[in-house]
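Chain naming here is simple, since letters A, B, ... match the order of the sequence lines and numbering starts at 1 in each.
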Number of protein chains: 2
Amino acid sequence: MGDRPAQIVAAARELLECGGPEAVTMRAIADRLGIRAPSLYKHLPDKAAVEAALQAEGLAVLADMLEEAEAGLGGEPPLPVLAEVFRRFALENPHLYRITGRPLARESLPEGLEARAAMPLVRAVGGDPDLARAVWAFAHGMVILELDSRFPPGADLAGAWRAGCTAFAAYAVGGASGSGATLRARAQST
Amino acid sequence: MGDRPAQIVAAARELLECGGPEAVTMRAIADRLGIRAPSLYKHLPDKAAVEAALQAEGLAVLADMLEEAEAGLGGEPPLPVLAEVFRRFALENPHLYRITGRPLARESLPEGLEARAAMPLVRAVGGDPDLARAVWAFAHGMVILELDSRFPPGADLAGAWRAGCTAFAAYAVGGASGSGATLRARAQST
DNA sequence: TCTTGCTAGCTAACAGCGTTAGCCTTAGAG
DNA sequence: CTCTAAGGCTAACGCTGTTAGCTAGCAAGA
């Protein structure tokens with residue numbers, strides 16, 4: 001009964017969520033399935049395969065959340081909403097996010113998943129790939145620095161997010177809505 | 001003869017640079033010093049101490065480079081220059097940069113080092129801490145995504161850097177130098 | 001019906017990791 | 001001359017991922 005590979009990944013995910021990356025051990029996975037570690041290798045080539053599967057899972061969840069948020073926004077500016085969703089995903093699944101953000105085993109990832117996760121952001125900035133990459137880097141940086149407690153304790157992270165989103169939004173719209181000064185004033189009041 | 005702790009850190013750094021983080025092994029460090037691994041514990045409490053020292057070293061090098069760049073710029077806008085230096089540091093010392101960007105053992109870091117590395121950036125954006133953090137996140141994100149090969153092969157990273165710097169510079173100057181559209185035009189031509 | 005072969009488990013083991021316990025040699029101080 | 005402490009050493013422990021080789025059960029073919 002049951003699809004062993006899927007069970008293995010599910011067990012790994014549970015371990016990851018309770019105990020962090022170092023709790024994801026071949027022996028611990030096997031324990032959870034009531035078998036011994038070497039038996040796992042009848043279903044998987046190595047531990048990297050488990051990690052790749054977790055990576056894909058994380059990416060898929062993120063893509064789902066971003067697409068849902070994108071669909072749900074009316075006329076409001078997309079960038080702050082997507083940023084909020086992005087951050088929420090990371091804070092709610094910190095270990096999964098870190099896995100997702102590892103060197104990335106492209107060849108063992110479902111075809112097109114990476115692009116799917118990226119598209120909402122690209123659309124939000126009007127299709128400019130340079131800008132999309134810059135925004136992605138900003139969001140990833142904010143999240144990873146927060147997860148790693150690299151910001152000084154008590155730093156106003158919401159303010160930093162606001163500053164970044166405002167700056168990028170202004171660049172995206174090409175200045176149609178006013179000068180940087182008014183944008184900055186608007187950011188303060190939000 | 002010689003300061004064993006310093007020798008240990010130096011050996012660790014050499015190992016890190018040739019073989020990456022997983023080459024930094026207590027046994028490998030000891031080998032390089034002509035002693036056995038357990039003897040290291042006469043000089044250090046554990047491996048985390050070595051990593052903390054490497055982290056401090058990386059942070060210090062980065063701070064030096066940023067400060068030097070800051071001193072060397074005439075009237076030109078600081079952000080792109082600092083960004084370039086930041087990126088160069090990361091690409092020239094990829095493993096060290098990754099170590100530097102780990103959860104960070106604050107208490108075992110030299111007093112004020114973290115602030116020293118951050119200050120050039122804060123000054124470059126005119127003292128706004130929110131903006132400084134956003135820019136830092138952007139730079140860190142760009143670098144870590146590049147190191148992890150997360151950008152699609154062939155992506156124009158220089159363009160992404162330019163987009164980010166331009167957007168943040170516009171936000172920083174408060175729109176005194178014109179609309180987003182002109183800024184974007186300027187970015188293309190640089 | 002008997003045999004064959006595959007699936008999926010098992011135990012034992014290996015190499016490498018960080019780390020601890022305990023021994024021994026050497027150098028310097030009283 | 002003795003005592004102490006520093007800094008080496010070996011042996012070992014528990015952990016990791018992983019391999020080799022054995023075996024119970026089951027399904028298909030002769």
Side-chain angles (χ1 to χ4, degrees), chain A residues 1-58 95-96 98-100 102-105 107-109, chain B residues 1-58 95-96 98-100 102-105 107-109:
Chain A
M1 61 152 68
D3 179 7
R4 267 283 189 251
Q7 292 176 357
I8 292 172
V9 176
R13 169 116 193 243
E14 287 170 27
L15 287 165
L16 180 68
E17 276 173 7
C18 342
E22 71 230 27
V24 182
T25 294
M26 296 306 265
R27 283 172 175 86
I29 294 173
D31 263 12
R32 205 160 257 254
L33 268 57
I35 62 178
R36 300 307 172 89
S39 303
L40 295 174
Y41 292 84
K42 300 284 166 160
H43 308 280
L44 299 164
D46 49 26
K47 195 188 178 184
V50 180
E51 282 163 358
L54 287 177
Q55 213 167 35
E57 203 162 304
H95 301 306
L96 191 58
R98 253 210 203 75
I99 289 269
T100 297
R102 277 231 266 259
L104 197 49
E107 57 285 357
S108 55
L109 226 52
Chain B
M1 60 156 68
D3 180 7
R4 268 284 190 247
Q7 293 176 357
I8 292 173
V9 176
R13 169 118 193 242
E14 287 169 28
L15 287 166
L16 181 68
E17 277 174 6
C18 342
E22 71 231 28
V24 182
T25 294
M26 296 304 266
R27 284 171 174 88
I29 294 172
D31 263 13
R32 204 159 258 255
L33 268 59
I35 62 177
R36 301 306 173 90
S39 302
L40 295 173
Y41 292 83
K42 301 283 169 165
H43 309 280
L44 298 164
D46 49 28
K47 194 189 178 183
V50 180
E51 283 163 357
L54 287 177
Q55 213 166 37
E57 203 162 302
H95 301 304
L96 191 58
R98 253 210 203 74
I99 289 270
T100 297
R102 277 231 266 259
L104 197 49
E107 58 286 356
S108 54
L109 226 52

Five pairs at each end of the helix from C/dT1-D/dA30 to C/dG30-D/dC1: take the axis at both ends and give me the angle between them to 10°.
20°

Among residues at least two apart in sequence or on other chains, which ones pass side chain to side chain contact (heavy atoms under 4.5 Å, CB included) with A/Leu40?
A/Ile8, A/Met26, A/Ile29, A/Ala30, A/Ile35

By side chain to side chain donor-acceptor pair (under 3.5 Å), which residues pair with B/Gln55, not counting sequence neighbours?
none

Across all chains, not counting sequence neighbours, the salt bridge (Lys or Arg N to Asp or Glu O under 4.0 Å) partners of A/Arg32 are A/Glu14

If you look at every heavy atom in A/Ala12 and A/Leu54, which pair is closest and at what distance?
CB-CD1, 4.1 Å

Value rounded to 0.5 Å, distance of CG in A/Leu33 from CZ in A/Arg4:
5.0 Å

A/Arg36 meets the side chain to side chain donor-acceptor pair (under 3.5 Å) criterion, sequence neighbours left out, with none

For A/Leu109 and A/Ala52, work out which heavy atoms get closest and say how close.
CD1-O, 4.3 Å

All N/O pairs under 3.5 Å across the protein-nucleotides 24-27 of chain D interface:
none

Walk along nucleotides 12-21 of chain D from 5' to 3' and tag each nucleotide B, S or - by protein heavy-atom contact under 4.0 Å, base first, then sugar-phosphate.
B---BBBB--

For the atom pair OG1 (B/Thr25) and CG (B/Asp31), what is the distance rounded to the nearest 0.5 Å?
10.0 Å

For B/Arg98, all residues meeting side chain to side chain donor-acceptor pair (under 3.5 Å), sequence neighbours excluded
B/Asp148

Shortest non-hydrogen pair, A/Val9 vs A/Ala53, comes out as CG2-CB, 3.6 Å

Counted 5' to 3', the first and last nucleotides of DNA chain C within 4.0 Å (strictly under) of a heavy-atom of chain A are C/dA8 to C/dA13

Sequence neighbours excluded - side chain to side chain donor-acceptor pair (under 3.5 Å) pairs with any residue from residues 39-51 of chain B:
none

Just to verify, what does B/Ala10 make a side chain to side chain contact (heavy atoms under 4.5 Å, CB included) with, not counting sequence neighbours?
none

Do the side-chain N or O atoms of B/Arg4 get closer than 4.0 angstrom to the phosphate oxygens (OP1, OP2) of D/dG8?
yes

